[in-house]
Amino acid sequence: MIDPRRLTDDLEATAAALARRGVPRERVEALAALERSRRAAIGALDAARAEQRAASKAIGAADPGEREERVAAAATLKARVTELEAELARVEAEHTDAFARVPNLAHPDAPEGAEGDGVVLRAFGTRPTFDFAPRDHVELLEAADALDLARGAKVSGARFAYLKGDGALLELALVRYAVEVAMRHGHVPVVPPVLVREDAMYGTGFLPTDEQQVFRTRDDELWLVGTSEVPLAGLHMDELLEPDTLPLRYAGISPCFRREAGAHGKDTRGILRVHQFEKVELFSFVHPDDSDAEHERILSIEEEVFSGLGLHARVVDIPVGDLGASAARKYDLEAWLPGQDAYREVTSCSNTTDYQARRLRCRVRTTGGDPVLVHTLNGTALAVQRAIIALVEQHQRADGSVAVPEALVPHVGREVLLERR
RNA sequence: GGAGGGUUGGCCGAGCGGCCGAAGGCAGCGGUCUUGAAAACCGCCGUGCGGGGCGACCCGCACCGUGGGUUCGAAUCCCACACCCUCCGCCA
């Protein structure tokens, strides 16, 4: 959510900034009007309440003779207050809903453009070459009975899969490996709840905008998270933090659930786009001055995780037209997938600046001045299914087996996986 | 699922219709004292919103788990819900 105050105080600048995010001028002016009527309603109510309070106080000290008359007068004032309260509630509801749908302001350095206009900042690792026709992850994993898509579909539907045998082992090894890298960089490992209340979904910006992407439960007011970013951000909602506690850094380990509505026909093969996957997520709460540096820091951890697996990938600076509602700036890691002959997104890290903090009411004390909103950042340390794809496809050998990268050997317990029996 | 107890400021903890934004303590901040520190003593010390000065300040309103209700007036009374604790049942 943007700062309503800033919107009315500097309409021109805010309108220009929001135009970058595709918010039309008329809508910005409508928001400003809502903010002004909200303030007017508050002013009127406060004044009426002050009158009523004064009248009530006088009753306590009044002579019994004039009491009845004073009570009647106070009752009239009360009716006025009730009326103004209803008016404010109406304005406030409209205001809240309208502002909740406004995306975060883009970072000045985020590149212009729409999906596909990302700027490749750099690449790391070596793009593998093969003296045989490389297979894709489905062929490699199914041949070794490490993946069962057909039965996944039978039991749960399309976009669900079983990881078995080496596939299951690979998940455990990758999670453990990623958590260790994250811990080396000061992120505290966390296994969070994956069912959360609506408040946490709103606070992180997944509601109301992406409602159709989220699984919800029928009999309880709970939502299944699409990333542990939600419960990790929620960790400090409604909190006023002490400055010396920042930065707070976490590494969430959790399954993630996504409806993938509107993605019909897209990435239907294999486990690239599934309804349920496991992910290790980096999350930081920092002082607002430090969020740019923290963003680079999280990106570098992501690069370390991937390059540590001997994988080739590139870093993409995502254009404003392709940012989610909460992000001011986003970097993706795109790994080379020989099976698709393409680079595909395997991680993503966003600086959400004060967007989530405002919605979650998370602030930090400052020396002297008023508390300020913290900045929050999130990034994928490792998304298991996509990492598995990149790993088996890039490290495959002619016989369909996969060389386990050195860093993963201790966690897998073997140097080769997916050998056919 | 059943029965009880609880939820007050950064923390602990009083308050049980108007004098309560809220005693007291701890922590924190400033000062006196001290070679320095501790102790002692003095002072300050919640958050949000609205308005004004538009500076380190003043005024108003709101907030005692959340949402309703009673009342001229509620932290205090009533109802619902959420969460925490104890006991019983069930269960991994």
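Every chain is numbered from 1, with letters handed out A, B, ... down the list of sequences.
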| request: Compare side-chain N and O positions of A/Q52 against OP1 and OP2 of B/G73 and report whether any pair is under 4.0 Å apart. | output: yes

| query | Hey, does A/R344 have a side-chain heavy atom less than 4.5 Å from the side chain of A/D267? | reply | yes

inquiry  = Between A/R20 and A/E112, does any NZ, NE, NH1 or NH2 come within less than 4.0 Å of an OD or OE carboxylate oxygen?
reply    = yes

Taking a pair to mean Watson-Crick or G-U wobble geometry with both distances below 3.5 Å, B/C83 pairs with B/G6

When both distances are under 3.5 Å in a Watson-Crick or G-U wobble arrangement, the nucleotide paired with B/U34 is none

When rounded to whole Å, the CG to C1' distance for the pair A/L88 and B/G48 reads 14 Å

Atom CG of A/L240 and atom P of B/A27 are separated, to the nearest Å, by 20 Å

Side-chain contact check for A/R197: nearest option of B/C83, B/C72, B/C49 is B/C83

Checklist line | Note: A/R273-A/E260 ion pair, threshold 4.0 Å (strictly below) | finding: yes

note: A/R36, atom CZ; B/G51, atom P; distance rounded to Å ~ 12 Å

From CZ of A/R361 across to P of B/C49 the rounded distance in Å is 13 Å

A/D238 atom CG is separated from B/C64 atom C1', nearest whole Å, by 16 Å

Paired to B/C16 by Watson-Crick or G-U wobble criteria (both distances under 3.5 Å) is none

Query raised in the report: When you compare B/C78 with B/G4, how far apart are their P atoms, in angstrom units rounded to a whole number?
Result: 15 Å

In Watson-Crick or G-U wobble terms, with both distances under 3.5 Å, the base opposite B/A39 is none

task: Quote, to the nearest angstrom, the P distance that separates B/G25 from B/C41.
output: 10 Å

Hey, does the side chain of A/K57 come within less than 4.0 Å of B/G73's phosphate (OP1/OP2), counting only N and O? no

Can you check the distance between B/A23 and B/C45, where both ends of the measurement are the P atom (answer in whole Å)? 11 Å

In Watson-Crick or G-U wobble terms, with both distances under 3.5 Å, the base opposite B/A23 is none

*What distance, rounded to whole Å, do you find between the two C1' atoms, one in B/C64 and one in B/A74?*
11 Å

Whole-Å distance, A/R365 CZ to B/G46 C1', equals 7 Å

Result for 5'-nearest mapping on RNA chain B, choosing between A/R38 and A/E242, is A/E242

Q: Give a yes or no on whether a salt bridge exists between A/E51 and A/R80, defined as a side-chain N under 4.0 angstrom from a carboxylate O.
A: no

Of the listed B/A82, B/U47, B/C72, the closest approach to the A/S56 side chain comes from B/C72

Between protein and nucleic acid, restricted to nucleotides 58-62 of chain B and to nitrogen or oxygen atoms under 3.5 Å apart, what atom pairs and distances do you find?
from  : atom 1 : to    : atom 2 : distance (Å)
B/G60 : N2     : A/D46 : OD2    : 3.1
B/C61 : O2'    : A/D46 : OD1    : 2.7
B/A62 : OP2    : A/R53 : NH2    : 3.4

Polar side chain donor-acceptor pair, A/S284 to A/E294, under 3.5 angstrom:
yes

As its Watson-Crick or G-U partner within any shown strand, both distances under 3.5 Å, B/G1 has B/C88

Checking N1-N3 plus N6-O4 or O6-N4 for Watson-Crick, or N1-O2 and O6-N3 for wobble, each under 3.5 Å, the partner of B/G48 is B/C61

Contacts of A/R5 and A/A75 projected onto RNA chain B by closest heavy atom; the upstream (5') one is A/R5

Whole-Å distance, A/M237 CE to B/G65 C1', equals 13 Å

Exercise. Could A/E29 and A/R25 be called an ion pair, given the rule that one side-chain N must be under 4.0 Å from one carboxylate O?
Worked result: yes

Fill in: Span that lies between the C1' atom of B/G5 and that of B/G10, in whole angstrom
26 Å

- Query: Looking only at atom C1', what distance separates B/C59 and B/U7, rounded to whole Å?
  - Reply: 33 Å

As its Watson-Crick or G-U partner within any shown strand, both distances under 3.5 Å, B/A75 has none

Given the C1' atoms of B/G9 and B/A62, what is the spacing between them in whole Å?
-> 15 Å

Closest non-hydrogen atoms of A/A390 and A/F306, given as atom of the first, atom of the second and distance, are CB-CE2, 4.2 Å

- Query: For atom P, what is the distance between B/G2 and B/C77, given to the nearest Å?
  - Reply: 25 Å

- Task: Ignoring hydrogens and angles, tell me if any N or O in the side chain of A/H411 forms a donor-acceptor pair with the backbone of A/L172 under 3.5 Å.
- Result: no

In whole angstroms, the gap separating P of B/C49 from CZ of A/R358 amounts to 10 Å

Side-chain contact check for A/R39: nearest option of B/G51, B/U47, B/C83 is B/G51

A/R39 versus A/R5: any side-chain heavy-atom pair under 4.5 Å? yes

When you check the gap from the basic side-chain N to the acidic O, do A/E92 and A/R38 get nearer than 4.0 Å? yes

